[in-house]
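Structure first, then comments.
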Amino acid sequence: MEPIAKSYEPKEVERKWYDYWEREHLFRADPTSSKPAYAIVIPPPNVTGTLHMGHALNNTLQDILCRFKRMTGFNVLWQPGTDHAGIATQNVVEKDLAARGTDRHAVGREAFIERVWEWRSKYGGLILNQLKRLGCSCDWSRERFTMDEGLSRAVKEVFVRLYEEGLVYRGDYIINWCPRCHTALADLEVEHHEKESRLYHIRYPFESGAGHLVVATTRPETLLGDTAVAVNPEDARYAALGDRNVLLPVLNKPIPIIFDTYVDTEFGTGALKITPAHDPNDFEIGNTHQLERVKVIDENGMMNEMAGPYQGMDRFECREKIVQDLETLNLLEKIEPYQNAIGHCYRCKTMIEPLLSKQWFVRTAPLAQKAGEAVKSGKTRIYPANWEGVYFEWMDNIRDWCVSRQIWWGHRIPAWYCRACGEVHVAKQALQACTRCGDEDLIQETDVLDTWFSSALWPFSTLGWPDETAELKTFYPTAALVTGFDILFFWVARMMMMGIHFMGEIPFRDVYIHALVRDAEGKKMSKSKGNVIDPLEVMDQYGTDAFRFTLAALAAQGRDIKLSEDRILGYRHFVNKLWNAARFALMNMDTAGTEPAAAPPATLADRWILTRVAAVSEAVRQAIDTYQFNEAADLCYQFVWHEVCDWYLEMAKRHLYGKDPLHKQATAATIQTVLEASLKLLHPFMPFVTEEIWQRMPNTEGSIMTAPFPGAADFPSDDAALTEMDILMGVITGIRNIRGEMNIPPSKNVSVVVDASQKTHREILNRNMDPVRVLAKVDQASVGERVPKPDGSATVVFEQISVHVLLKGLIDFAEEKKRIKKGIQKLEKEWGTAGKKLANHGFLQKAPPEIVREVREKAETLSARLSKMKENLSLLEEIDA
RNA sequence: AGGCGGGUAGCUCAGUGGGAGAGCAUCGGCCUUACAAGCCGGGGGUCACGGGUUCAAAUCCCGUUCCGCCUACCA
């Protein structure tokens, strides 16, 4: 292996180790393993997709979980794959056709679908390769696609079974129609945007006699399809109307006035025009009153033959014209500005047209009830828990799911119609003949299923269902699902419903909902806003490990992530820090040898760092297990940088550079232990750099991926070392503080006199004066009891220890007095609050005893420190005087 | 309209009953043989505002305000 470079260069390293992991089959799951199973199914990215920040975060978190679980002894399956993304993919290929001057209708259905498959085989793997760059440890040998043979079989099976159970039906309903995509959309696929709009007050003349009824509407063009006007039976204004008719303006068609409590007397004029074929509420009212349904707008958003003189006009054009005509007829009372939320297609942003149409639906209520219960009972837990409320809200108010789509790319609905008798057959395969009339002329339904129908089966369809496979047995239910909240309803809720219904068991035990990645201003990243940060560019610039670590460190629960490049830069520095720590360690292991020393590590630093690594390992395990990725990342960061590098390695240098071979070896062995542990702790976050270093280390075997994750039991813990080290750090920091404030250059050594009133403190310091000398740049040092403050010294007080730094000729008395006064002020404030508490009877009586004891001890320490500092101050003042 | 989340240092954010923290930025000192992508030290906060509960509140409750998001069939 080539000599270790001064700074970490991610590019080649990343490719090298990813290839190695794949070559060694380290991502492979084993359905026959005796280890406990841990499975995650990937939220399948669209085949049309390219990696964006959302994917990067989502998959980084999953990879952290998978790598962590492998290292803690689980048989891990991370199931990868892609989604066929019906409308999105069809749009892409259609755009391509348009560029060639043709369209799908000219090409024909079969040839078109063939083209989509071609497109998919050419570009569909793009995002998966990008996931590999991110380091994702998916079991690629099990890659699935929602349209592949096995999954298509599962889709058919589910559809047919639901139909047989009466949970799938076909019927005439108002659906959301996208006139551009030419398909029905589920309620969820409609985005509502607040729009400046107008409320038109239109006069509907009475059929008989004079006068009119004024109706308020935002959509005057739909009046052509009105089949009634409704008022509230409680509304005194209209009580006398009886069963009169009004005349539909322009068309002069008589329509009845009906009474329905749905009508809000407060809104508009209290009279509501009813258009059952073009409004979901009107449709419902039309049903109860058995009104005729008159469709006046067609699938292209154009007025049809029922629209009389307006036939052939676009719906918006018609609106303008009809308003003009109403004005001419003196039937327009007024126009008010109005704001309302209007539905748009989530794919193409075209305004939705509610349209009466024959569609396939899934009856969701019975499925939703069980899916709700599974979370209520805690069988599936949602993290963070506040999403449970959102989940319940949706499950409790669920409406039937319109699953048919009038597009070509997708699972064609397995239903056949008999041309002769009209019988509908739902079956897994085409029938030879109609079972009712025996006719052989059967035609298959042309609609396909909503993309989310197949995604809803993902946790079991990918494992081989409906066959009873070893995979299903081992990995279902899966352990965790990691996803963004934006698809909580689209996907998570539906997987719950389908999983429980068909597997008889929840699809996953935990659902972890992570944040959305926004730009540095907190705006949603979008191409149109131009504020998109491309994860691939970030990886190029900063390295994948730094990027992944940033995402993890920012992934606090319950808050969106504002991604700023500063943070990524900061964590790149951390990667480099780790790299250099390893470089240092490796250089010294070379010279010290790597066999564990004969004598156990005896220095305070060794005992301390091993105790710390034990505690940190445990804390990191806990944090990852509870999805606190930011906590885990931060623990690693603080530990590696500020404990291992800043303190331990600095203290270890003395032995490494010293002449005692035994100490040298013991220290090298501890460094090896601590470095190995650090690498393993960081591996789930930074897979590449940790593997690179791991492979360079002596005495490591195989990949770090298969190394056991550190735990508390792996290291000797020694609580005394923690308190001793606290003392030592306090003294060193104190001296450094004085040096800094007094502007003593690092090249200049100082002498110190330590006055410690406690015997244990004196012992600790006497045993560890060498590290103090090195780390605080001290030449002469002595420790004593009740040592008088030397002339020309600056003093820092820590616990009950005074450290006098001799600064003959260097000291600026005014500065020193200022410094001490500042310190006294700070302490007095703290002492004040502690004293207040202790003077409070309520506190002494009601606070837990250990808290009271803590405060009391603190007050004592503070007061001892304070008196020492004041003593110092008065000494200084004497000298000054 | 309803619901949810947020307001903590200049910036980005942790912290959810007992010591206000991190990273970046900033200021001062350092080319100390792992690392200047570094080392040492300093400064900086009325924890949005008002009330309440509690011995004790950034943390729990109520209200106000600002920001963001989600859901919704008042035309």
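Numbers restart at 1 for each chain; the letters A, B, ... are given by sequence-line order, proteins then strands.
- At a threshold of 4.0 angstrom between heavy atoms, the contacts of Phe574(A) with the nucleic acid are absent.
- For the P atoms, the distance linking G3(B) with C61(B) amounts to 15 Å, nearest Å.
- Comparing Lys653(A) and Asp646(A) by the nucleotide of RNA chain B whose heavy atom lies nearest to each, the residue mapping closer to the 5' end is Lys653(A).
- Residue contacts for Glu284(A): at a heavy-atom cut-off of 4.0 Å it reaches no nucleic acid atom on any strand shown.
- Scanning atom types as modelled, no donor and acceptor separated by under 3.5 angstrom connect the side chain of Lys6(A) and the base of C35(B).
- Judged by atom type and distance alone, Gln628(A) does not reach the base of A14(B) through any side-chain donor-acceptor pair under 3.5 Å.
- The side chain of Tyr657(A) contributes an N or O atom lying less than 4.0 Å from OP1 or OP2 of A34(B).
- Across all strands shown, Thr217(A) has heavy atoms under 4.0 Å from sugar-phosphate atoms exclusively, and none from any base.
- Looking only at atom types and distance, the side chain of Thr667(A) has no donor-acceptor partner in the side chain of Lys653(A) under 3.5 Å away.
- You'll find that the side chain of Asn281(A) is closest to C73(B), out of C73(B), G29(B), C39(B).
- Thr275(A) and Asp226(A) are linked by a side-chain donor-acceptor pair at a separation below 3.5 angstrom, with hydrogens and angles left out of the test.
- Summarising the geometry, the separation between CD on Glu388(A) and P on G5(B) is reported as 13 Å, rounded to the nearest angstrom.
- For the pair Trp641(A) CH2 and C39(B) C1', the computed distance is 11 Å after rounding to whole Å.
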Check against side-chain hydrogen bond (donor to acceptor under 3.5 Å, both in side chains), Arg237(A) and Asn232(A):
CA-CA 10 Å; Arg237(A) 291 173 293 181; Asn232(A) 194 303; over 6 Å; no
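- Residue Lys822(A) places at least one side-chain N or O under 4.0 Å from the OP1 or OP2 atom of G43(B).
- Judged by a 6.0 Å distance limit and a 45° cone about the ring axis, Arg736(A) is positioned over the six-membered ring of Trp647(A).
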